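Quick notes on the structure that follows.
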Amino acid sequence: MKRCLFILLLCAWLAPAQAHKPSDSYLSLAVHDRQIEGQWDIALRDLDFAIGLDGNGDGELTWDEIRARHAAIVAYALQRLQVASDQGVCPLKAVEQLIDSHTDGAYNVLRFRADCPGGAAPASVTIGYTLFADLDPQHKGLVKINSGGTTQTAIFDPDSPRQTISLAAPDRLAQFGAYVKHGIWHIWIGYDHILFLLSLLLPAVLLPAVLLPGLREQQHGLKAAFVDVLKVVTAFTLAHSLTLSLASLSLVSLPSRWVESAIAASVILAALNNLLPLFPGKRPVAAFAFGLIHGFGFASVLRDLGLPQGSLLASLLGFNVGVEIGQLAIVAAFLPVAWLLRKTWLYRQVLTLGSLAIALVACVWLVERLADIKLISA
């Protein structure tokens, strides 16, 4: 009974992670002299929660229901977005609304236009972004600005709702730093990536080791655990860095739906390996093989952000570095705690029941992504 309760509680804790990432919106601005053309992709599930789109309450959104709320969507969204040039406020005017699909569901596409004051093209734009700030403190706005052949990017959240962005071509070091931040954020919100990595790391502190002369058992055990984790993380890093680069440079492309489904399947296999060894002694090999698929998943955020052509390699390298920093931070937090608890009853339960819970949640992800349905509410 206690085990069943533990599994249910863990599943309930993991359930909100049904999508590849939590709430994000994607805002693109194209600056042409004094005119700005914008496109804002906002998740329908978020809009439904904020202003109500499901007119008949059946849990399914239809085009007629969404179209009936177009005016409400425009009012809600544009009240929470302000754009100004260095010469004054640029009033926003909605042009049209469409529907598009992202890896985590359907999005409303709001296209708008703004005419900035003054007689010359702006040198900078100031953006105020407060979408869902009162509803979801984890919401992020991923903003891309194209001007004069250069691309700038920024991330907005309730803690940084207002930013001024220069339209001059950024130096490569600044672009590198910006994409490092994007990479760190992406790995920390990629629940399926995190659960895959943790599934591979959980048994590391329990692996048997052959004692070396002159070393105490505890010293060697910690060394063996560290070496094992290093192998797993290195294999995962090399693999996803390879496919992330290939996909981001448009050299290889796979359907996002199948990539996300394969990522869910990799989480299932990694978790089940802790219960029924599927690849005994081959965890680094498995990390590399599945890491190739995860790299395509990492690349999806870069496609949404866009890679600036003027500093393409610096941006791609920065994103890779950010992913690794975020990944190593998770490992650094996990390994000491796991090592201290490795001989306790609690850790054995986490390994077995936790792996089972992860596998169950990943099974739900897999069904959702293959069938393009939602089984767990976000």
Side-chain angles (χ1 to χ4, degrees), residues 17 19-28 102-104 129 138-145 150-160 163 165 170-198 200-201 229-230 232-250 256 259-260 263 287-288 290-335:
H20 174 65
K21 53 186 181 300
S23 174
D24 291 336
S25 81
Y26 303 93
L27 175 63
S28 297
H102 289 241
T103 57
D104 58 336
Y129 182 104
Q138 301 301 316
H139 175 79
K140 303 291 180 182
L142 305 182
V143 179
K144 177 174 63 176
I145 303 176
T150 65
T151 301
Q152 311 270 32
T153 60
I155 297 179
F156 288 78
D157 58 36
D159 294 327
S160 55
Q163 299 182 44
I165 302 169
D171 63 77
R172 297 192 176 187
L173 182 60
Q175 199 74 54
F176 175 84
Y179 274 82
V180 168
K181 293 180 182 178
H182 291 323
I184 293 173
W185 169 246
H186 184 62
I187 190 66
W188 284 351
I189 64 173
Y191 296 131
D192 41 12
H193 300 304
I194 293 175
L195 292 185
F196 172 77
L197 185 61
L198 290 179
L200 291 176
L201 296 180
V229 168
L230 182 63
V232 169
V233 172
T234 300
F236 187 58
T237 296
L238 291 176
H240 72 62
S241 296
L242 174 62
T243 49
L244 166 61
S245 301
L246 292 175
S248 299
L249 297 174
S250 299
S256 61
V259 169
E260 296 302 321
I263 290 174
F288 183 87
F290 291 130
L292 295 172
I293 297 296
H294 282 248
F296 288 107
F298 288 134
S300 65
V301 74
L302 281 184
R303 284 194 293 269
D304 289 318
L305 282 172
L307 279 172
Q309 296 302 309
S311 54
L312 187 148
L313 292 180
S315 302
L316 180 57
L317 178 61
F319 189 83
N320 264 308
V321 169
V323 168
E324 301 324 314
I325 292 175
Q327 184 173 279
L328 290 175
I330 294 170
V331 172
F334 162 82
L335 190 56

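All figures in this text were calculated on a predicted structure; none of them were measured in a lab. This chain uses plain numbering: 1 for the first residue, then up along the sequence.
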First locate atom [atom1] of [X], then atom [atom2] of [Y], and finally report the distance between them rounded to the nearest 0.5 Å.
X	Y	atom1	atom2	result
Thr243	Leu238	OG1	CG	11.0 Å
Tyr179	Leu316	OH	CG	10.0 Å
Asp24	Phe156	CG	CZ	14.0 Å
Ile330	Leu197	CD1	CG	6.5 Å

* Asked: Can a salt bridge be assigned to the pair Asp157 and Lys140 using a cut-off of 4.0 Å between side-chain N and carboxylate O?
  ->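 Answer for the salt bridge query: yes.
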* To do: Please check if the distance between the ring centroids of Phe196 and His193 is under 6.0 Å.
  =>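 No, the ring of Phe196 stays outside the 6.0 Å limit from the ring of His193, centre to centre.
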* With ring centroids as reference points, do His240 and Phe236 lie under 6.0 angstrom apart? ->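 Judged by ring-centre distance (under 6.0 Å), His240 and Phe236 do meet the cut-off.
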Nearest non-hydrogen partners of [X] and [Y], listed with the distance:
X	Y	answer
Ser23	His139	OG-ND1, 2.6 Å
Phe288	Ala235	CD1-O, 3.4 Å
Ile184	Gly326	CG1-N, 4.2 Å
Ala299	Ala247	CB-CB, 3.6 Å
Leu230	Thr234	O-OG1, 2.7 Å
Phe298	Leu244	C-CD1, 3.8 Å

Is there side-chain contact between [X] and [Y], with heavy atoms separated by less than 4.5 Å?
X	Y	answer
Leu142	Leu27	no
Gln327	Thr237	yes
Leu201	Leu335	no

* **Backbone of Gly183 reached by a side-chain donor or acceptor of Glu324 within 3.5 Å** =>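 The answer is no, because no donor-acceptor pair under 3.5 Å joins these two groups.
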